[in-house]
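Below is one structure, written out as structure tokens; the observations come after it.
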Amino acid sequence: MTDGTETTPAHRYTAALAGQIERRWQDYWADHGTYHAPNPVGPLAEQDKQLPSDKLFVQDMFPYPSGGGLHVGHPLGYIGVDTFARFNRMIGRNVLHTLGYDAFGLPAEQYAVQTGTHPRTTTEANIANMRRQLRALGLGHDERRSIATTDVEYYRWTQWIFLQIFNSYYDEKQDRARPIADLEKEYEDGTRATPDGRPWSELSRVERREVIDSHRLVYISDAPVNWAPGLGTVVANEEVTPDGRSERGNFPVFRKNLRQWMMRITSYADRLVDDLELLDWPEQIKTMQRNWIGRSRGANVRFAAGDAHIEVFTTRPDTLFGATYMVLAPEHPLVERLTANEWPEGTDERWTGGAATPGEAVADYRREASRKSELDRQENKEKTGVFTGSFAVNPVNGERIPVFIADYVLMGYGTGAIMAVPGQDQRDWDFATKFGLGIIRTVQPSEGFDGEAFTGEGPAINSTNEDLSLNGMGVEDAKKAIIAWLEEHGHGEGTVQYKLRDWLFARQRYWGEPFPIVYDEDGLPIALPEDQLPLELPDVEDYSPKTFDPEDADSEPQPPLAKATDWVEVTLDLGDGPKKYRRDTNVMPQWAGSCWYQLRYIDPTNTERFVDPENEKYWMGPRPAEHGVNDPGGLDLYVGGVEHAVLHLLYARFWHKVLFDLGHVSSKEPYRKLFNQGYIQAYAYVDSRGFYVPADEVEETDGRFFYNGEEVRQEYGKMGKSLKNIVTPDAMAENYGADTFRFYEMSMGPLEISRPWATKDVVGAQRFLQRLWRLVVDEETGALRVSDAELTDDDLRRLHKTIAGVREDYAELRFNTAGAKLIELNNYVTKVYGATQATPRALAEPLVLMLAPLCPHIAEELWHRLGHPDTLVYGPFPQADEKYLVEDTVEYPIQVNGKVRSRVTVAADAGKDDVQAAALADEKIVALLAGGEPRKVIVVPGRLVNVVL
RNA sequence: GCCCCCGUAGCCCAAUUGGCAGAGGCACACGACUCAAAAUCGUGCAAGUGUGAGUUCGAGUCUCACCGGGGGCACCA
């Protein structure tokens, strides 16, 4: 460790010196507002400054300010974005980069509960600590724009947007959201019929409200939701893991009917899928969103069953002729009506479940199914079910087919009932073979197919009735033909199904945005007028929610706000005189604040609007000239982990689209380009008892690991307190300096790749910066050691090649290779000038400038010492001169049958023939040819020559 | 089970997108400095690209199969 002991030269770039330099420049930047980006209009506009039209809006995913502070994994993305932002600032762009805090939500509250203090106190202390840590990294944030979702002035606008959504409905014809007042007008003037056909004027006040409320984009529904007793709150579908537990806390989740706020995200399902095409996002995330929305096109088909009709959804209506039985989900509402009194004559024993009557069989099966958890149903894929004793009629051919109930059909998807086509569906095949049901192939399997159900493409077979034949048609044509036939005969229609469900938007917790809603004496929800926003959280005695035994499915949520009776019971004048109202006691989910924060970054101090339209247009509006005619707009680069693929990223797109529909923003999408950073992982070590030992005290010998002499086992994964392998940026700054840390972190590999942390490797970055420093500053005296010497031809070529490469690397987020090129140039300069009196200024300056995006403090310091009074944050970034990039001569490797055998050097502008002639004249090649003629000679200009014998 | 991504020196990573496998860093060895060590500086060492086939004049790069690692989906009709 270099710690400035007496043997170290006084002006060496040690950690201590780096620390002084870093603090000085951090102060300078803060004092000068160096990273303040001007807006076109409003409080953050700058009158005297020309606003560059060339802008860049970059953003990191909103961090949650945790009590534990940062470890070295957290700032990976921040440093990457900062480096990119700094490069763009240096080439003249107006760059908006800041970082706010997603400070509401369960973790903040749980932490506050643990420490026994008010969530706001804890949250604010955590934010202050995180700001300190981030400042020490030298991130170029416009701190005026840093917001926290818990700021009252911020959540005022979260509530305002909620009311915008509340006061909107989805117009299916125009395919966009519109103000609810437009809908009311349609009912009033009769353009739109009321649900029961009565004139609008005859409906009571409450009836009208109920009609209107049923159309709102956020509405109260009494439907099954995910109740987590251990958390004391309901959670959204997106927050439930595949094995039926809460993502937060890993508590069991139960389906329970409750009155809850829902957001009508399903109205946007098509646009959320289709507009993915417009986005420059990783394919992986797009796929995850597509899967989650789960759009499938198909048909609803009605089968007569006695005096009832069973409606099924199918994506394969073309296989209708192959339907040999039907299945209802056990919970399907028609099950009771369809359960026969006794088994029909000759019922197969396998179908009865051993029961004497269908009634018993059905009751037994339903009871068993209800007892199975989601996980059991998933794990046990053995098909089970019982016959209801009833038959349905296949509308295409009049065949009577038996109706079963089975738990492989889920009530939650489609209509909760299917037509079973074992010939083309493996699940149906499995069920049919177990229960001895018929199998009819309606698609000709491909040659040599020896599987069971055939789900591939092929011509239809066995599919004719009196006025329809699908035989010979491909799957797509057959689908179209059968849907037309079904629609013509009234048996069904083409339709689209989605897996996506409406977003459950309420939480029974304390630390979140209160709903700006009150209830009148009829229990109807009423929006607070805008001038009563913000509605602030009340102080309560006990802000922790009531939690229950995690397994207690029968418990009921008890929101903490309900206990604040003085706040809940309120008298307000909402236009018709003072009246008593009751406030909503739910709070919004954590995702609410992060649905729109990019918009507030743009205009953080605007008190009139959530964002000024002109500022939004400048920073986020579509720019077809740069991004193509279909550019949806949005910020220019959004960097974060992959874990928010279907939560934050879906919700934020949804809100943004609502705001777009209502004319509040000009961009269709919030995030034009998304980039998923990798993670920094770490080794952890476990001793023979299974306990973790401090990773930084483990020693490696011959590939084995020892702690206090005892052998320990190496594990690889996350950094975590309990794993005793945390490395903090604070420790890195103290031991090496923030610039060294930044450089090392960026040089570890491409930003999108996960890689293991290795503290011992950091010294490489430190040595590089020390060498560079030494080229400019005399380590003994601190004097500048640069000269005005002319650069040699070799110097110029190396320099300009580096400039060209580094520019490209920075622009493409390849910070690891940019760093390597800088080291390469630095090593060259060291070799040539390190031992001389001085380094040519014409080499030192561009080197310093090119380093600045990665290591801003040392670059500023050297730039300053080189005699420049102003910051280099605004450039200039060196420009490569083409004339130094072209070589006079080129050395061609000569391959013989693909193996390099010799080399020739020819003029760079030599023609193919000249190169070939030179290659064939080479003595080693002549020897290899031994007088014979080559079969072929391939000359790749500028690359190589290959002689084929 | 299905789909996607990744396997290059002991380790982290490059490779102009089909053209000489090596840019950079760590580790290691040797040398310089030092009474010595650390730090620093210099020099050097190292894999034929997970395995096997194929396409090609030429494959780390393209195709197929397999092995290993990571991720997503999973009775969604």
Side-chain angles (χ1 to χ4, degrees), chain A residues 1-3 5 7-9 12 14 242 282-285 287-288 290-292 294-296 298 312-316 319 327 377-378 380-383 406-410 412-421 424-428 430-431 497-499 642 645-646 678 700 702-703 716 743-744 747-750 752-768 770-771 774 779 805 808 814 816-824 826-827 830-831 834-835 891-900 903 934-938 940-949:
Chain A
M1 212 116 307
T2 59
D3 55 1
T5 55
T7 51
T8 307
R12 172 162 292 175
T14 59
E283 210 41 55
Q284 187 196 5
I285 302 285
T287 303
M288 285 166 72
R290 283 192 196 103
N291 285 344
W292 187 259
R295 176 166 69 188
S296 25
V312 304
F313 172 72
T314 175
T315 55
R316 292 296 302 276
T319 64
V327 184
R377 269 171 88 143
Q378 268 171 42
N380 185 8
K381 297 214 171 153
E382 181 72 15
K383 295 285 176 291
D407 66 3
Y408 82 94
V409 173
L410 310 172
Y413 185 76
T415 61
I418 62 157
M419 64 178 207
V421 187
Q424 273 79 229
D425 184 296
Q426 189 61 43
R427 294 158 300 177
D428 297 344
D430 294 343
F431 191 89
Q497 275 287 335
Y498 304 90
K499 211 173 90 180
V642 73
V646 291
E700 182 180 354
D702 301 328
Y716 181 57
F743 191 90
Y744 168 66
S747 68
M748 291 169 79
E752 67 271 26
I753 301 295
S754 294
R755 52 321 258 293
W757 178 261
T759 301
K760 68 178 176 59
D761 291 0
V762 178
V763 69
Q766 188 182 33
R767 285 178 192 153
F768 160 58
Q770 283 179 344
R771 276 202 293 270
R774 194 154 41 225
E779 282 193 334
E808 201 178 302
R814 294 192 302 253
N816 55 327
T817 51
K821 289 182 173 91
L822 292 175
I823 293 175
E824 195 182 358
N826 193 57
N827 287 350
T830 302
K831 192 175 256 181
E891 189 190 57
Y892 280 83
I894 309 168
Q895 296 183 336
V896 175
N897 289 341
K899 292 227 165 81
V900 178
R903 292 163 194 282
R935 291 225 323 262
K936 201 169 172 186
V937 179
I938 292 130
V940 185
R943 296 265 179 263
L944 52 57
V945 180
N946 190 8
V947 180
V948 187
L949 296 182

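Proteins come first, then strands; the chains are lettered A, B, ... in the order of their sequence lines, and each starts at number 1.
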Atom [atom1] of [X] and atom [atom2] of [N]: how far apart are they, to the nearest Å?
X        : N     : atom1 : atom2 : value
A/Glu891 : B/U16 : CD    : C1'   : 17 Å
A/Gln766 : B/C26 : CD    : C1'   : 14 Å
A/Trp292 : B/A74 : CH2   : P     : 8 Å
A/Trp757 : B/C13 : CH2   : P     : 14 Å
A/Ile938 : B/C57 : CD1   : P     : 7 Å
A/Tyr744 : B/G24 : OH    : C1'   : 13 Å
A/Gln497 : B/C76 : CD    : C1'   : 9 Å
A/Arg755 : B/G7  : CZ    : C1'   : 17 Å

Parallel, tilted or perpendicular for A/Phe313 and A/Tyr413, by the 30°/60° rule?
->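 Ring orientation, 0 to 90° scale: perpendicular.
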Take the angle between the ring planes of A/Phe768 and A/Phe743 and call it parallel below 30°, perpendicular above 60°, tilted in between.
->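 Ring orientation, 0 to 90° scale: tilted.
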Is any N or O donor-acceptor pair between the side chain of [X] and the base of [N] shorter than 3.5 Å?
X        : N     : value
A/Arg943 : B/U16 : yes
A/Asn946 : B/C57 : yes
A/Arg903 : B/C20 : yes

Do any side-chain nitrogens or oxygens of [X] fall under 4.0 Å of OP1 or OP2 in [N]?
X        : N     : value
A/Arg295 : B/C76 : no
A/Lys499 : B/A74 : yes
A/Thr14  : B/A39 : no
A/Lys936 : B/C57 : yes
A/Arg771 : B/C41 : yes
A/Asn827 : B/G25 : yes
A/Asn816 : B/C12 : no

Contact check, side chains of A/Asn827 and A/Arg771, non-hydrogen atoms, under 4.5 Å =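 When only atoms from C-beta onward are counted, A/Arg771 and A/Asn827 do touch, with a gap below 4.5 Å.
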Is there side-chain contact between A/Thr314 and A/Val421, with heavy atoms separated by less than 4.5 Å?
->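 Sidechains of A/Val421 and A/Thr314: no contact.
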Across all strands shown, which nucleotide pairs with [N] by Watson-Crick or G-U wobble geometry, both distances under 3.5 Å?
N     : answer
B/C62 : B/G54
B/G68 : B/C6
B/G1  : B/C73
B/G42 : B/C30
B/U49 : none

At what distance, to the nearest 0.5 angstrom, does [atom1] of [X] lie from [atom2] of [Y]?
X        : Y        : atom1 : atom2 : value
A/Arg814 : A/Glu752 : CZ    : CD    : 10.5 Å
A/Thr14  : A/Gln766 : OG1   : CD    : 8.0 Å
A/Ile418 : A/Arg316 : CD1   : CZ    : 13.5 Å

Can you check the distance between [N] and [M], where both ends of the measurement are the [atom1] atom (answer in whole Å)?
N     : M     : atom1 : result
B/G25 : B/G69 : C1'   : 24 Å
B/A15 : B/A21 : C1'   : 7 Å
B/C76 : B/C66 : C1'   : 32 Å
B/G50 : B/U56 : P     : 23 Å
B/C5  : B/C45 : P     : 38 Å
B/C3  : B/G44 : P     : 50 Å
B/C4  : B/A46 : P     : 40 Å
B/C33 : B/G42 : C1'   : 11 Å

Closest to the [X] side chain, choosing from [options]:
X        : options             : value
A/Tyr408 : B/C75, B/A39, B/G25 : B/C75
A/Ile753 : B/C20, B/C41, B/C13 : B/C13
A/Leu944 : B/G19, B/A77, B/A23 : B/G19
A/Met748 : B/A14, B/C12, B/G19 : B/C12
A/Glu824 : B/A14, B/U43, B/A23 : B/A23
A/Asp407 : B/C76, B/C75, B/G24 : B/C75
A/Arg767 : B/C76, B/C20, B/C26 : B/C26
A/Lys383 : B/G71, B/A77, B/C75 : B/C75
A/Val948 : B/A77, B/C20, B/C57 : B/C57
A/Ala820 : B/C12, B/A23, B/C57 : B/A23

Using heavy atoms to find the nearest nucleotide of RNA chain B for A/Lys760 and A/Pro893 separately, return the residue whose nucleotide is more 5′.
->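 Upstream on the strand: A/Pro893.
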Toward the 5' end of RNA chain B, by each residue's nearest nucleotide, A/Lys821 or A/Thr817 =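 Counting from the 5' end, the first nearest nucleotide belongs to A/Thr817.
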Enter syn or anti for the glycosidic conformation of B/U8, syn applying to angles within 90° of 0.
->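 Judged by the O4'-C1' to base torsion, B/U8 sits in anti, the angle falling more than 90° away from 0.
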Name the orientation of the base relative to the sugar in B/G48: syn if the glycosidic angle is within 90° of 0, else anti.
->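 Because its glycosidic torsion lies within 90° of 0, B/G48 adopts the syn conformation.
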Touch check for [X], heavy atoms < 4.0 angstrom, all strands: base, sugar-phosphate only, or nothing?
X        : answer
A/Glu779 : nothing
A/Ser754 : sugar-phosphate
A/Thr287 : nothing

Within the distance-only criterion (no hydrogens, no angle test), does the side chain of A/Arg427 pair as donor or acceptor with the backbone N or O of A/Asp425 below 3.5 angstrom?
->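 Here the side-chain-to-backbone pair does not exist.
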Dump the intermediate steps for side-chain contact (heavy atoms from CB on, under 4.5 Å) on A/Arg774 and A/Arg12, then the final yes or no.
-> CA-CA 7 Å; A/Arg774 194 154 41 225; A/Arg12 172 162 292 175; 3.9 Å; yes
Quick one: do A/Val940 and A/Tyr892 satisfy side-chain contact (heavy atoms from CB on, under 4.5 Å)? Show the steps, please.
-> CA-CA 9 Å; A/Val940 185; A/Tyr892 280 83; over 6 Å; no
